[in-house]
Amino acid sequence: MTNRHSTMLKTLGITALALGGLAVANTLAARAAERRYPPEGRFLTVDGVRLHYMEAGEGPPVVLLHGNVSALGDSLASGLFQRLARNHRVIAFDRPGMGHSDRPKNRSHGRDWTPEDQADLLARAFDALNIENAVVVGHSYATLVALALALDHRRAVKGLVLMAGYYFPTRRVDAALVAPVAMPVLGDLLRYTLSPPFAKAMMPAMLKTLFSPRPVPDHLTDSFPAALTIRPSQLRANAQDGVTMVPAAERMQHRYAEVTVPVAIFAGHGDRVVEQEEQSGRLHHVLSDSTLHWVPDSGHMVHYADPDLVVRRIDELSAEKAAPQVSVHR
């Protein structure tokens, strides 16, 4: 064996040991995060998928669906859940693979976990929980899930509230960056070794981008444990959502005119994640029964900027006080 081959083998061995050590450390960190932030809600198994949800209050039903790299704790941290529970039966789900909900691998359940797949699963959860004619509130990626519910499971949806959504296909650098993490073999390696510490290091900058131009709330970590979002299991779900987002928007844009329920659209001009003039503004013109609300001094997290406005609009849709007018509120 030459010195060159010997050096190469030693390098490979050291690399394998380092990656193995990272995998063990990341697995232990994930378990520690789950112990530190245990599920506070209930569990429901639908089609072999275990979903975690929280429920409170009485009255007309409202369902809250969070965005990517997130969990139902987002609705707690923003205050939406608590405000709505005063006058509504409010149910917040951890979407499949997020928070404490499972997301079985595609090959075992025949799902690619597209927005349509997630809507189908949630519709079955609605049936199991006797949820009908709900106002469905979706943020970011979950706006596509909410639209899929309205299109394919109309009995379940009375109205939609779409916040900081992505509706029409564009080139997304972030989707290309997460694509390797969603791959079967390479993705497994990355998720258990390099991706968790990288995601942890990037978390402060990501949160700053999400909340800009407003500051990141001081109380955010109390209700929204970021440690859960960088576990290998949720990193897979995050990456899959990132990969399926643009193709879903490409498919679904041709069906938006079929939405028959009233829709309230919320957006911020300061959104640094999604160009809202191009997305929310365009959707408003496609949906005849929609209102568009530009939330002042807000970016992607519009529900933190003015949760009371969001709740008032949900109340109106839920009570059907008046048919929503096609107008823009600035």
Side-chain angles (χ1 to χ4, degrees), residues 65-70 95-98 103 106 111-123 136-154 157 160-183 187 206 209-210 212 235-261 263-294 298-302 326 328:
L65 302 176
H66 62 82
N68 200 1
V69 197
S70 189
R95 289 193 298 105
M98 311 288 188
R103 181 182 292 207
N106 308 356
R111 295 187 180 99
D112 291 325
W113 295 111
T114 64
E116 298 96 327
D117 289 335
Q118 295 186 42
D120 290 344
L121 184 73
L122 288 169
V136 178
V137 183
H139 174 244
S140 195
Y141 181 95
T143 57
L144 291 171
V145 181
L147 282 162
L149 277 164
L151 288 166
D152 298 330
H153 306 279
R154 300 184 182 186
V157 180
L160 293 178
V161 173
L162 307 177
M163 306 183 300
Y166 178 86
Y167 314 106
F168 301 96
T170 58
R171 293 184 178 181
R172 299 283 304 187
V173 175
D174 53 348
L177 291 175
V178 300
V181 184
M183 296 173 63
M206 186 194 74
T209 298
L210 287 172
S212 178
L235 287 173
R236 174 168 63 88
N238 296 340
Q240 287 177 335
D241 279 4
V243 168
T244 59
M245 184 175 69
V246 176
E250 172 62 41
R251 286 190 308 274
M252 293 176 63
Q253 65 175 328
H254 307 292
R255 301 185 60 200
Y256 293 153
E258 300 171 22
V259 173
T260 58
V261 298
V263 181
I265 305 167
F266 288 85
H269 285 297
D271 197 328
R272 294 171 57 187
V273 178
V274 177
E275 211 299 308
Q276 289 300 329
E277 289 281 4
E278 179 182 3
Q279 296 291 332
S280 290
R282 183 177 171 187
L283 182 71
H284 172 57
H285 290 293
V286 171
L287 298 178
S288 60
D289 196 357
S290 68
T291 55
L292 176 57
H293 306 262
W294 290 105
S298 69
H300 198 61
M301 309 301 278
V302 291
V326 181
V328 178

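For the residue pair G67 and S70, the shortest heavy atom distance occurs at O-CB, 3.4 Å. Taking both residues in full, the closest heavy atoms of A164 and V302 are given as N-CG2, 4.3 Å, listed atom of the first, atom of the second, then distance. Of all non-hydrogen atoms in S298 and G268, the two that sit nearest each other are OG-CA, 3.4 Å. The two residues P115 and T244 come nearest to each other via the heavy atoms CD-OG1, 4.3 Å. Here the closest heavy-atom approach between residue V136 and residue A146 is recorded as CG1-CB, 3.8 Å. Contact between D117 and D112 at its shortest, heavy atoms only, is OD2-N, 3.1 Å.
Using a distance-only test at 3.5 Å, with no hydrogens or angles considered, no donor-acceptor pair links the side chain of Q240 to the main chain of A182. With hydrogens and angles disregarded, a donor-acceptor distance shorter than 3.5 Å links the side chain of Q279 to the backbone of Y167. Remark: side-chain polar atoms of R236 are paired, donor with acceptor, to backbone N or O of R103 under 3.5 angstrom. Looking only at distances, no side-chain donor or acceptor of S290 sits under 3.5 Å from a matching main-chain atom of V263.
Residues T170 and E275 form no side-chain contact, since every pair of their non-hydrogen atoms from C-beta on lies 4.5 Å or further apart. In this structure, the side chains of L292 and S280 come closer than 4.5 Å at one or more pairs of heavy atoms. You'll find the side chain of H300 reaches within 4.5 Å of the side chain of H139, heavy atoms only. With a 4.5 Å cut-off on side-chain heavy atoms, N238 and M98 count as touching. The closest side-chain heavy-atom distance from Y166 to V273 is not below 4.5 Å. Counting heavy atoms from C-beta on, the side chains of D120 and H153 come closer than 4.5 Å. Between T114 and M252 the shortest side-chain heavy-atom distance does not fall below 4.5 Å. At a threshold of 4.5 Å between non-hydrogen side-chain atoms, the residues E277 and H269 count as touching.
The line from CG of L162 to NE2 of H293 is 10.5 Å long, rounded to the nearest 0.5 Å. The distance from the CG atom of D271 to the CH2 atom of W294 is 8.5 Å, given to the nearest 0.5 Å. With rounding to the nearest 0.5 Å, the separation of CE in M163 from CD1 in I265 is 13.0 Å. For the atom pair CG of D174 and CG of N68, the computed distance is 9.0 Å after rounding to the nearest 0.5 Å.
Ring geometry for Y256 versus F168: interplanar angle over 60°, hence perpendicular rather than tilted (30 to 60°).
Checked options L160, V261, L65; the residue passing with L149 is L65 (criterion: side chain to side chain contact (heavy atoms under 4.5 Å, CB included)).
The pair D241-R95 meets the salt-bridge criterion, since a charged nitrogen lies less than 4.0 angstrom from a carboxylate oxygen.
Residues satisfying the salt bridge (charged side-chain N to carboxylate O under 4.0 Å, His left out) test with R272, not counting sequence neighbours, are none. Residues passing the salt bridge (charged side-chain N to carboxylate O under 4.0 Å, His left out) test with R251, sequence neighbours excluded: E116.
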| query | Are L283 and Q276 close enough, and set up right, to give a side chain to side chain contact (heavy atoms under 4.5 Å, CB included), and what steps lead you there? | reply | CA-CA 10 Å; L283 182 71; Q276 289 300 329; over 6 Å; no
